[in-house]
Structures are given as C-alpha cells and as structure tokens.
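A short write-up of the structure that comes next.
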Amino acid sequence: MAGDDFGEEQLNEAIESLCQSKAEEFRLIGYEHVSGLDIWECVSQKYEKEGYPPLHQMVNDILSLKVTQFMNYMTISAYRGSRFD
C-alpha cells in the first residue's frame, strides 16, 4: 500500500463527484442544464495536449472553474459542432 491511496475507480468516482458538485453550483445560480460531464469536458479539454496533471491540479481546476470560462467553452464547442465546421 505504499503511496497508493486511491485506485483508478476511486479516483474516477472522486472526480465525478467534484464535477457533479460544480454542476449543482452552476444550477443554483441559474445555469439549469449543466451536467457533471459538461464540467469534466470543459476542464479536461486542456489536458488533451498537456496530459493529465497531478490530482491536486485537477481538483483545483474543477473547483475554481468560473461560469464565464464554462460558457466560453460551451460557445466554442457549439461553433465547432455547427454546420459551419
């Protein structure tokens, strides 16, 4: 058990829980259709190029996500998925 406090499944559950919590926070301030998956996709999109950071950085990225950052991500995603692509 040296140094391995979390298994992959427990890590995924913890990250999912944090994303759900952030989505609930956004829903409380009026962004009704935000899901935990939306939060994760927003936060993790920058990891595609850089790779996954340490756990504490992922937690910080989720908890410090601002609505404006999230809405910018959603707007860009909508344009990328549009018929103008």
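Numbering starts at 1 and runs along the sequence shown.
Taken together through direct or relayed side-chain contacts under 4.5 Å among Ile, Leu, Val, Met, Phe, Trp and Tyr, Leu63 and Tyr47 form part of one hydrophobic cluster. Using a 4.5 Å cut-off between side-chain heavy atoms of Ile, Leu, Val, Met, Phe, Trp and Tyr, with links allowed through other members, Leu65 and Tyr52 fall into the same hydrophobic cluster. Cluster membership check: Met74 does not share its hydrophobic cluster with Ile76, using side-chain heavy-atom separations under 4.5 Å among Ile, Leu, Val, Met, Phe, Trp and Tyr. In this structure, Leu28 is not a member of the same hydrophobic cluster as Val34, with clusters built from ILVMFWY side-chain heavy atoms closer than 4.5 Å.
Closest non-hydrogen pair, Phe26 versus Lys66, comes out as CZ-C, 3.9 Å. Between Gly36 and Ala23, the shortest heavy-atom distance links the atoms N-CB, 3.7 Å. The minimum heavy-atom distance between Glu32 and Arg27, with the atom names listed, is O-CD, 3.3 Å. Contact record, Gln69 with Cys42: O-SG, 4.4 Å, taken as the closest heavy-atom pair.
Atom OG of Ser17 is separated from atom CG of Asn12 by 12.5 Å, given to the nearest 0.5 angstrom.
Applying the salt bridge (charged side-chain N to carboxylate O under 4.0 Å, His left out) test to pairs two or more places apart or on separate chains, those with a residue in residues 37-57 are Lys46-Asp61.
The side-chain contact (heavy atoms from CB on, under 4.5 Å) search around Ile62 returns Ile15, Leu18, Cys19, Lys22, Ile39, Trp40, Val43, not counting sequence neighbours. Checked against ring pair (Phe, Tyr, Trp, His ring centres under 6.0 Å), Tyr73 has no partners two or more places apart in sequence or in another chain.
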